[in-house]
Colleague: 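Let me begin by handing over the structure; questions about it come next.
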Protein chains: 2
Amino acid sequence: MALPREYPGQSCAMARALEIVGERWTLLILRDAFFGVRRFSDFSRHLGVPRAVLTERLEFLVAEGVFDRVRGPRGRDEYVVTDKGMGLWPVLRALGAWGDAHYSPAGPRRTFRHEGCGGAVAPGGRCAGCGAQVPVGATVLVPGPGYEGPAEGDAISAALAEPHRLLEALP
Amino acid sequence: MALPREYPGQSCAMARALEIVGERWTLLILRDAFFGVRRFSDFSRHLGVPRAVLTERLEFLVAEGVFDRVRGPRGRDEYVVTDKGMGLWPVLRALGAWGDAHYSPAGPRRTFRHEGCGGAVAPGGRCAGCGAQVPVGATVLVPGPGYEGPAEGDAISAALAEPHRLLEALP
DNA sequence: CACCGATGGTTCGGTGAACGAACTGTGTGC
DNA sequence: GCACACAGTTCGTTCACCGAACCATCGGTG
């Protein structure tokens, strides 16, 4: 049988992309990585994904060149987004924009601003202030009006609630 | 236990969106719908998805307001994308752009053009010809240099190979 | 009218993935 | 040496996906 991640017979770029990032948890792992999460246990704690699944997903994403596994300080492995992985930011941004538009009556839970200029970054990546196309690394994540506060006793979601640049490692 | 489609504890717009469209097959069903597929048997034949799964997905997407179920000609049910569903086009477009960039060495398999103007539509939705933001319904799907031809004996993929407007019912 | 094929499903047994809890190994810091 | 955090692995259970077969309805055709 075809592997469950495959979509046999679909010679389509969207299907091909979904074979890489379409499995359960994968896009949320990637979202956390954009938000600055890098370590196995931080992904695990913040997402609540079974550890075996997390191992398998990280392994696969490294093999596909979406993540790099690097030795961080104190001998800990860190998973960082590659250039290829950064190409997936528009996908996550579009998903978030749709989710906010239809399931956040109080307004967006997170907003994105152009570092320096400070203008709001539209889902397409354009800055409403200066009109520039903002690269992922120059985007600052700021809680929006619909933000509901961090989960109880979760250091990761508390750190995510502070404004910070995308892809920058959390403290 | 939490329903399998859920991501418990994630108060995030992306997670919320993935609870709607993150299950296996859902985004491919939606892609086909944008390309003009509307009937149960056409989805089934073209995607090869198990019929029980297709039933469940269509039902759920109708309940969530992504599809409308309407009585088509000759008493057949048709599933058409709602305004809310159209909001997901940027997600699919971004996925396809990433898939093309990294897994289509011969160039994109499909391209998108601005109806009338004829300019290429960028993943963000802007027309390279006239600079306008192109609505989904004014986008024309055209096979690109990486297109590999329709699957053998598949009337649906043959119809998809002809240039046509998005969301317009196939012949 | 009886028949027939297409449509739009439902049912059902088998299989593989996800789940969660427990366990293991490995590298620091004290 | 010892404790602890980190980064997994193992394992039994549960659940969704799979594919094949079955069923009801509708529209035409003889």
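Note that the coordinates shown come from a computational prediction; the quantities given were computed from them, not determined experimentally. Below, chain A is the first sequence line, B the second, and so on; all start at residue 1.
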Colleague: Is the shortest side-chain N/O distance from B:Thr55 to OP1 or OP2 of C:dT10 below 4.0 Å?
Modeller: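 So the side chain of B:Thr55 is within the cut-off, an N or O lying under 4.0 Å from OP1 or OP2 of C:dT10.
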
Colleague: Can you tell me whether the side chain of A:Arg51 and the base of D:dA7 have a donor-acceptor pair closer than 3.5 Å?
Modeller: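 It does, because a donor-acceptor pair links the side chain of A:Arg51 to the base of D:dA7 below 3.5 Å.
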
Colleague: Looking at B:Tyr79, is B:Arg69 sitting on its ring face, NZ or CZ under 6.0 Å from the six-membered ring centre and within 45 degrees of the normal?
Modeller: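 Cation-pi check for B:Arg69 and B:Tyr79: fails.
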
Colleague: Is there a side-chain polar atom (N or O) of B:Arg45 under 4.0 Å from OP1 or OP2 of C:dT7?
Modeller: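 So the side-chain polar atoms of B:Arg45 do come within 4.0 Å of the phosphate oxygens OP1 or OP2 of C:dT7, strictly under.
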
Colleague: Nearest whole Å is fine: how far is D:dA5 P from A:Glu78 CD?
Modeller: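 Atom-to-atom, A:Glu78 to D:dA5, this comes out as 19 Å.
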
Colleague: How many whole angstroms separate atom CZ of B:Phe40 from atom C1' of D:dC26?
Modeller: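 From B:Phe40 CZ to D:dC26 C1': 16 Å.
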
Colleague: Can you check the B:Glu56 CD to C:dT11 C1' distance for me, whole Å?
Modeller: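 Answer to the nearest Å: 15 Å.
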
Colleague: Any heavy-atom pair between the side chains of B:Leu58 and B:Phe40 that's under 4.5 Å?
Modeller: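 Counting from C-beta outward, B:Phe40 and B:Leu58 do come under 4.5 Å.
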
Colleague: Would you indicate, yes or no, if D:dA16 has its OP1 or OP2 atom less than 4.0 angstrom from a side-chain nitrogen or oxygen of B:Trp25?
Modeller: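 B:Trp25 to D:dA16 OP1/OP2: no side-chain N or O under 4.0 Å.
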
Colleague: Of the nucleotides C:dG9, D:dC18, D:dA7, which has the atom closest to the A:Arg39 side chain?
Modeller: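 Shortest atom-to-atom distance from the side chain points to D:dA7.
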
Colleague: Are any of the side-chain heavy atoms of B:Val136 and B:Phe34 separated by less than 4.5 Å?
Modeller: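 Yes - at least one pair of side-chain heavy atoms lies under 4.5 Å apart.
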
Colleague: Output the rounded distance in Å from CD (A:Glu23) to C1' (C:dA17).
Modeller: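 The distance from CD of A:Glu23 to C1' of C:dA17 comes to 9 Å, rounded to the nearest Å.
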
Colleague: Could you state the CZ-P distance from B:Arg38 to C:dT7, rounded to the nearest angstrom?
Modeller: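 In whole Å, C:dT7 P and B:Arg38 CZ are 17 Å from each other.
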
Colleague: Would you mind telling me which of C:dT11, C:dA18, D:dC6 lies closest to the side-chain atoms of A:Arg24?
Modeller: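 Between C:dT11, C:dA18, D:dC6, the one nearest the side chain of A:Arg24 would be C:dA18.
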
Colleague: I'd like to know whether A:Tyr147 forms a side chain to side chain donor-acceptor pair (under 3.5 Å) with A:Arg109, so could you lay out the CA-CA distance, the side-chain angles of the two residues, the decisive distance to 0.1 Å, and finally the verdict.
Modeller: CA-CA 4 Å; A:Tyr147 181 68; A:Arg109 304 168 197 235; over 6 Å; no

Colleague: Return the value, rounded to whole Å, for the distance between atom CG of B:Asp77 and atom C1' of D:dA24.
Modeller: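 Rounded to whole Å, this separation is 14 Å.
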
Colleague: Just checking B:Phe43: base, sugar-phosphate only, or nothing, at a heavy-atom cut-off of under 4.0 Å?
Modeller: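 Nothing: the residue B:Phe43, judged by heavy atoms under 4.0 Å, touches no strand.
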
Colleague: What is the separation between atom CD on B:Glu59 and atom C1' on C:dT10, rounded to the nearest whole Å?
Modeller: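 Value for this atom pair: 12 Å.
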
Colleague: Base, sugar-phosphate alone, or nothing: which one does B:Ser41 contact when heavy atoms must sit under 4.0 Å apart?
Modeller: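 Sugar-phosphate, backbone atoms only, no base.
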
Colleague: A:Val53 has a side chain; which of C:dA18, D:dG8, D:dT10 sits nearest to it?
Modeller: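 When the side chain of A:Val53 is considered, C:dA18 is the closest of C:dA18, D:dG8, D:dT10.
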
Colleague: Do side-chain atoms of B:Thr139 reach the backbone of B:Phe112 as a donor and acceptor pair under 3.5 angstrom?
Modeller: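 Absent.
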
Colleague: For D:dA7, take OP1 and OP2 only and decide whether either is under 4.0 Å from a side-chain N or O of A:Tyr79.
Modeller: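 Checking A:Tyr79 against D:dA7: no side-chain N or O falls below 4.0 Å of OP1 or OP2.
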
Colleague: Could you give the CG-to-C1' distance, from A:Leu54 to C:dC19, as a whole number of Å?
Modeller: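 It is 14 Å, rounded to the nearest whole Å.
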
